[in-house]
There are 2 protein chains.
Amino acid sequence: MKTPLTKSDCVIQILQTATVIWRESRRFFRPFGLTEAQFNILNLLGQSPNGLCQRELSDRLVVDRSNITLLLDRMTAHGLLVRNDVPGDRRRYRVCLTEKGLSLWRRIHPHYEKALAHLVENLAAEDTKQLLKNLQEMELQAKTWKEELS
Amino acid sequence: MKTPLTKSDCVIQILQTATVIWRESRRFFRPFGLTEAQFNILNLLGQSPNGLCQRELSDRLVVDRSNITLLLDRMTAHGLLVRNDVPGDRRRYRVCLTEKGLSLWRRIHPHYEKALAHLVENLAAEDTKQLLKNLQEMELQAKTWKEELS
DNA sequence: TTAAGATTGTTGATAATGCAACTAATTTTT
DNA sequence: AAAAATTAGTTGCATTATCAACAATCTTAA
């Protein structure tokens with residue numbers, strides 16, 4: 001593009017960067033038999049010893065509840081997790097990793113962290129701090145998008 | 001999360017911010033009868049008076065060629081664009097907006113720019129410049145991801 | 001306590017997405 | 001010129017994704 005840079009170009013760049021990261025990360029998860037979406041579930045549950053309910057997964061991963069249902073169905077079919085009852089609330093399930101799911105997570109997790117670290121290895125600590133801050137600010141702004149389009 | 005911040009947290013934050021921007025932007029495009037993916041096509045073609053071939057759309061939008069096929073099929077059905085022949089090459093199409101598509105783009109585009117600007121309105125020009133640079137660096141790193149996962 | 005309201009997860013419809021395999025056409029090699 | 005390699009677009013398949021509507025359950029208020 002020959003057009004001069006504007007401030008909003010960095011919004012486009014965020015989407016572009018995220019898209020590329022997603023595309024590349026798929027290659028990594030495939031050998032483990034996981035999609036990126038499935039890994040996100042696995043990774044979140046791996047860090048939640050008490051399990052999470054579907055609503056929590058949905059909120060934390062910014063994924064629709066109905067989508068969570070399908071994802072969990074498939075992962076359950078693969079023996080990676082189970083839906084346990086929640087004592088006081090019969091609407092909810094406590095989604096927990098099985099032994100198989102947990103051991104898969106333990107196997108992937110260090111590689112994942114290493115892969116993430118590779119992305120930022122050329123950035124100064126100060127840069128990543130600022131980056132994090134600015135991204136959070138933009139996320140906040142996005143959430144308060146209201147009537148910019150009629 | 002109680003865990004201390006690490007540099008790679010900003011990678012997670014990129015994905016999170018992008019996800020939120022996507023989710024919110026869908027609300028904007030819906031009144032125009034467009035999905036986010038369809039708008040991206042419209043927006044790119046709107047800025048390309050001579051049209052683009054599907055491969056170019058695929059590369060620029062980081063979307064699989066097969067996906068472009070389906071997107072264009074739907075948009076063609078809605079009368080937004082056409083596939084013209086390319087004189088010297090019978091493999092390709094020159095994808096162009098119709099009058100309807102172009103006028104839709106002209107109607108949406110200013111709102112879109114305004115919406116993007118809103119996301120960065122609280123950031124200093126210096127910040128967005130740095131943000132852009134860092135994001136590009138990370139995109140580059142992602143493209144050279146190799147054997148971080150076994 | 002009962003009625004209204006909110007929450008949780010599921011289902012069905014439709015769209016988006018990527019991958020592999022394929023056809024047709026062009027370009028490069030030999 | 002013929003064969004080999006590359007490129008452009010399509011198709012089939014499975015997954016991911018959102019949305020709207022729904023049933024079951026819990027919570028709050030009248």
Side-chain angles (χ1 to χ4, degrees), chain A residues 15 18-42 51-78 80-95, chain B residues 15 18-42 51-78 80-95:
Chain A
L15 304 182
T19 303
V20 170
I21 292 176
W22 269 311
R23 188 188 58 189
E24 298 302 315
S25 65
R26 264 193 300 278
R27 293 208 334 264
F28 288 158
F29 298 131
R30 194 163 345 139
F32 296 97
L34 289 175
T35 65
E36 207 258 345
Q38 288 172 2
F39 170 76
N40 287 337
I41 304 255
L42 189 78
L52 297 168
C53 72
Q54 300 187 197
R55 156 68 73 180
E56 288 171 317
L57 288 169
S58 162
D59 286 346
R60 304 265 302 260
L61 298 176
V62 197
V63 163
D64 192 83
R65 296 202 306 286
S66 64
N67 200 3
I68 296 288
T69 297
L70 298 178
L71 282 166
L72 296 189
D73 286 350
R74 291 195 193 94
M75 295 178 75
T76 301
H78 288 116
L80 296 175
L81 48 82
V82 287
R83 284 183 245 231
N84 292 319
D85 289 343
V86 169
D89 192 338
R90 282 190 302 178
R91 290 171 306 179
R92 290 188 293 164
Y93 297 114
R94 196 157 57 86
V95 182
Chain B
L15 304 181
T19 304
V20 170
I21 291 175
W22 270 312
R23 188 189 58 190
E24 297 303 315
S25 65
R26 262 193 301 279
R27 293 210 332 267
F28 287 159
F29 298 131
R30 194 165 340 141
F32 297 96
L34 289 175
T35 65
E36 207 258 344
Q38 289 172 4
F39 170 75
N40 287 336
I41 304 259
L42 189 78
L52 296 169
C53 72
Q54 298 187 199
R55 157 68 74 178
E56 289 171 317
L57 288 169
S58 162
D59 286 346
R60 305 263 303 259
L61 298 176
V62 197
V63 163
D64 192 83
R65 296 202 307 287
S66 65
N67 201 2
I68 296 288
T69 296
L70 297 178
L71 280 167
L72 296 189
D73 285 350
R74 290 191 195 99
M75 294 177 76
T76 300
H78 288 116
L80 297 175
L81 48 83
V82 287
R83 283 184 246 230
N84 292 320
D85 288 342
V86 170
D89 191 338
R90 283 191 302 179
R91 290 171 306 180
R92 290 188 292 164
Y93 297 114
R94 197 157 57 86
V95 182

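Basis for what follows: all heavy atoms, side chains included, without hydrogens, waters or symmetry-related copies. Per chain, numbering begins at 1; letters A, B, ... match sequence-line order.
Using the six-membered ring where Trp is involved, F39(A) and F29(A) have ring planes that are parallel, under 30° apart on the 30 and 60° scheme.
Counting non-hydrogen atoms under 4.0 angstrom, R23(A) reaches nothing in the nucleic acid. Residue L71(A) is classed as a sugar-phosphate contact, given heavy-atom separations below 4.0 Å to backbone atoms only. Across all strands, R74(A) comes closer than 4.0 Å to base atoms (heavy-atom distances). Using a 4.0 Å heavy-atom distance criterion, R92(B) is classed as a sugar-phosphate-only contact. The residue E36(B) sits apart from the nucleic acid: no heavy atom pair falls under 4.0 Å. Across all strands, D89(A) comes closer than 4.0 Å only to sugar-phosphate atoms, never to a base (heavy-atom distances). Note on R90(A): only backbone sugar-phosphate atoms sit closer than 4.0 angstrom, heavy atoms only; bases stay farther off.
Qualifying salt bridge (charged side-chain N to carboxylate O under 4.0 Å, His left out) partners for D73(A), counting only residues two or more places apart in sequence or in other chains: R83(A). Every residue meeting the side-chain contact (heavy atoms from CB on, under 4.5 Å) condition with L81(B), not counting sequence neighbours, appears here in chain and number order: I41(B), L45(B), L72(B), M75(B), T76(B), V95(B), L97(B). Shown here are the side-chain contact (heavy atoms from CB on, under 4.5 Å) partners of S58(A), two or more places apart in sequence or in another chain: R65(A), I68(A). Remark: E24(B) engages R27(B) in a salt bridge (charged side-chain N to carboxylate O under 4.0 Å, His left out) (not counting sequence neighbours). Take R55(A) and apply the salt bridge (charged side-chain N to carboxylate O under 4.0 Å, His left out) test, not counting sequence neighbours, and it matches D59(A).
Minimum interatomic distance between E36(B) and S25(B) (heavy atoms only, all atoms of both residues): CG-OG, 3.5 Å. Taking all atoms of both residues into account, the shortest heavy-atom contact from L15(A) to W22(B) is O-CH2, 3.8 Å.
When rounded to the nearest whole Å, the span between CG of L81(B) and P of dG9(D) equals 13 Å. Distance CG (L72(A)) to P (dT16(D)): 11 Å, rounded to an integer number of Å. Atom C1' of nucleotide dA14(D) and atom CZ of R30(A) are separated by 13 Å, given to the nearest angstrom. Atom CZ of F29(A) is separated from atom C1' of dT15(D) by 16 Å (rounded to the nearest Å). Rounded to an integer number of Å, the gap from CZ of F39(A) to C1' of dT15(D) is 18 Å. Separating the CG atom of D64(A) from the P atom of dT18(D) is a distance of 6 Å, rounded to the nearest angstrom. If you take CG of L70(B) and P of dG12(D), they are 11 Å apart, rounded to a whole angstrom.
Scanning atom types as modelled, one donor and one acceptor separated by under 3.5 angstrom connect the side chain of R65(B) and the base of dG9(D).
The nearest heavy atom of DNA chain D to Y93(B) and to Q38(A) marks one nucleotide each, and the one closer to the 5' end goes with Y93(B). Along DNA chain D, the nucleotide closest to T19(B) and the one closest to H78(A) are compared, and the more 5′ of them pairs with H78(A). Comparing V62(B) and I68(A) by the nucleotide of DNA chain C that holds the closest heavy atom to each, the one mapping nearer the 5' end is I68(A).
At least one side-chain nitrogen or oxygen of R26(B) sits closer than 4.0 Å to the OP1 or OP2 atom of dT18(D). OP1 or OP2 of dT10(D) has not a single side-chain nitrogen or oxygen of R55(B) nearer than 4.0 Å. Remark: S66(A) is not in phosphate contact with dT18(D), judged by side-chain N or O atoms under 4.0 Å from OP1 or OP2.
For DNA chain C, the contact window with chain B, defined by any atom under 4.0 Å from a protein heavy atom, covers dA15(C) to dT26(C) in 5' to 3' order.
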